[in-house]
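Let me begin by presenting the structure, written as structure tokens, before commenting on it.
All values derive from a computational prediction rather than experimental measurement.
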Amino acid sequence: IILTLLACCMPTFAAAASEKLILEQYFRGVTTGRGTFTIPISGVRRDFTLTARGTWNGRVLTLVEDFVFSDGERDRKTWRFERVAPGRYIGTREDVIGTADVFQDGNAVRLRYRLTVPGRDGGRTELGFDDIMTVRADGTLLNEDTVSFLGLPIGSTVVECQLGPA
């Protein structure tokens with residue numbers, strides 16, 4: 001029963017990417033998207049829109065993400081991806097614990113990181129994220145991730161992005 005419950009929390013990852021994703025090329029300029037964050041076991045579902053603005057200085061991609069949630073809440077997060085080798089980056093963001101491990105995986109890019117989120121009781125909860133970003137044949141980007149708590153998958157986030165303003 002537990003394995004079945006956990007399986008329903010895992011996103012179905014897209015088929016192989018049609019083109020290689022290079023972070024500093026794809027995210028330079030404006031990217032827009034829509035997404036959903038879900039944790040089925042607790043009934044959490046948050047739909048959102050995203051506008052991201054990226055700049056590349058030859059070593060670091062800075063990606064400012066503006067989120068607008070369906071309940072009206074707004075949030076801004078800023079990623080900094082420092083390229084440390086071809087296809088490898090170290091990612092930092094204001095709510096990430098430590099650094100994110102970011103690496104090329106075939107045509108996809110993977111991010112692994114931990115962050116704290118507000119809990120319903122006013123406390124903080126630490127969650128793990130394992131993202132897989134792929135670019136489809138039509139140029140849209142699909143970001144699917146598994147959200148974990150204490151190493152067990154409990155939810156997912158799925159975001160579909162396109163280049164340019166919405």
| field | Verdict with reasoning, Val158 to Phe37, per side-chain contact (heavy atoms from CB on, under 4.5 Å) | value | CA-CA 7 Å; Val158 176; Phe37 172 80; over 6 Å; no
When rounded to the nearest 0.5 Å, the distance separating CD1 of Ile132 from OG1 of Thr146 is 7.0 Å
Sorted by chain and number, sequence neighbours left out, side-chain hydrogen bond (donor to acceptor under 3.5 Å, both in side chains) with Arg83 holds for Glu24
A side-chain contact here means heavy atoms from C-beta on lying under 4.5 Å apart; do Thr32 and Thr49 qualify? no
Carboxylate-amine/guanidinium proximity below 4.0 Å for Arg112 and Asp131: no
Residues at least two apart in sequence or cross-chain that pass side-chain hydrogen bond (donor to acceptor under 3.5 Å, both in side chains) with Thr140, listed by chain then number, are Asp138
In this structure, OG1 of Thr62 is separated from CD of Glu82 (nearest 0.5 Å) by 10.5 Å
Arg110 meets the side-chain hydrogen bond (donor to acceptor under 3.5 Å, both in side chains) criterion, sequence neighbours left out, with Asp130
Would you say Tyr26 ends up clustered with Trp56 if hydrophobic residues are merged whenever their side chains have heavy atoms under 4.5 Å apart, either directly or through other cluster members?
yes
### Query
Run the side-chain contact (heavy atoms from CB on, under 4.5 Å) check on Val102 and Val109 step by step: do they pass?
CA-CA 7 Å; Val102 185; Val109 170; 3.8 Å; yes
ask   = Hey, does Glu144 have a side-chain heavy atom less than 4.5 Å from the side chain of Thr134?
value = no
Please test Arg136 against Glu19 for salt bridge (Lys or Arg N to Asp or Glu O under 4.0 Å), starting from the C-alpha separation and ending with a verdict.
CA-CA 7 Å; Arg136 297 173 172 159; Glu19 64 180 78; over 6 Å; no
Smallest heavy-atom separation, Cys161 atom then Thr31 atom, equals CB-CG2, 3.6 Å
Phe69 meets the ring-ring contact (aromatic ring centres under 6.0 Å, His included) criterion, sequence neighbours left out, with Phe48
Applying salt bridge (Lys or Arg N to Asp or Glu O under 4.0 Å) to Arg45 and not counting sequence neighbours gives Asp47
request  = Side-chain contact test, heavy atoms from C-beta onward, threshold under 4.5 Å: evaluate it for Arg28 versus Thr55 and give yes or no.
outcome  = no
For Arg59 and Asn57 the tightest heavy-atom approach is N-OD1, 2.8 Å
Please lay out, stage by stage, how Leu111 and Asp101 fare under the test side-chain contact (heavy atoms from CB on, under 4.5 Å).
-> CA-CA 6 Å; Leu111 284 84; Asp101 184 26; over 6 Å; no
Item to check | Gln104 and Lys20, any side-chain heavy atoms less than 4.5 Å apart | outcome: yes
Output for pair (Asp145 CG, Thr157 OG1), nearest 0.5 Å, gives 4.0 Å
Quiz item: Within the distance-only criterion (no hydrogens, no angle test), does the side chain of Asp105 pair as donor or acceptor with the backbone N or O of Ala108 below 3.5 angstrom?
Solution: no
Those residues at least two apart in sequence (or on a different chain) that pass side-chain hydrogen bond (donor to acceptor under 3.5 Å, both in side chains) with Arg34 are none
Q. Is a salt bridge present between Glu126 and Arg114, judged by a nitrogen-to-oxygen distance below 4.0 Å?
A. yes
Which donor-acceptor pairs under 3.5 Å do side chains of residues 90-97 form with protein atoms, sequence neighbours excluded?
residue, atom, partner, partner atom, Å
Arg93, NE, Asp95, OD1, 2.6
Arg93, NH2, Asp95, OD1, 3.1
Arg93, NH2, Asp95, OD2, 2.9
Glu94, OE1, Thr78, N, 3.2
Glu94, OE2, Thr78, N, 3.2

Notebook entry, point to check: Would a hydrophobic clustering, with Ile, Leu, Val, Met, Phe, Trp and Tyr connected at side-chain separations under 4.5 Å, put Val68 with Val44?
Noted result: no
Thr51 and Val30 have their tightest heavy-atom pair at CG2-CG1, 4.2 Å
For Asp66, the salt bridge (Lys or Arg N to Asp or Glu O under 4.0 Å) test, sequence neighbours excluded, returns Arg53, Arg76
Does atom CZ of Phe67 have more than 12 heavy-atom neighbours from other groups under 6.0 Å away?
yes
Residue set satisfying salt bridge (Lys or Arg N to Asp or Glu O under 4.0 Å) with Asp121, at least two apart, ordered chain then number -> none
Output for pair (Leu21 CG, Leu141 CG), nearest 0.5 Å, gives 6.0 Å
Taking Glu73 first and then Arg46, would you say they form a salt bridge - that is, a charged N and a carboxylate O separated by under 4.0 Å?
yes
Residues passing the side chain to side chain contact (heavy atoms under 4.5 Å, CB included) test with Val117, sequence neighbours excluded, are Leu115, Thr125, Leu127
When every non-hydrogen atom of Pro40 is compared with those of Ile154, the smallest separation belongs to CD-O, 3.4 Å
With sequence neighbours left out, the residues meeting ring-ring contact (aromatic ring centres under 6.0 Å, His included) with Tyr113 are Trp79, Phe129
Across all chains, not counting sequence neighbours, the salt bridge (Lys or Arg N to Asp or Glu O under 4.0 Å) partners of Arg74 are none
Q. Quick one: do Leu23 and Phe103 end up in the same hydrophobic cluster if we chain Ile, Leu, Val, Met, Phe, Trp and Tyr together by side-chain heavy atoms under 4.5 Å apart?
A. no
Rounding to 0.5 Å, atoms CG (Leu63) and CZ (Arg80) come to a distance of 10.5 Å
- Message: When you group the ILVMFWY residues by side-chain heavy-atom contacts below 4.5 Å and let the links chain together, are Val84 and Phe27 in the same group?
- Response: no
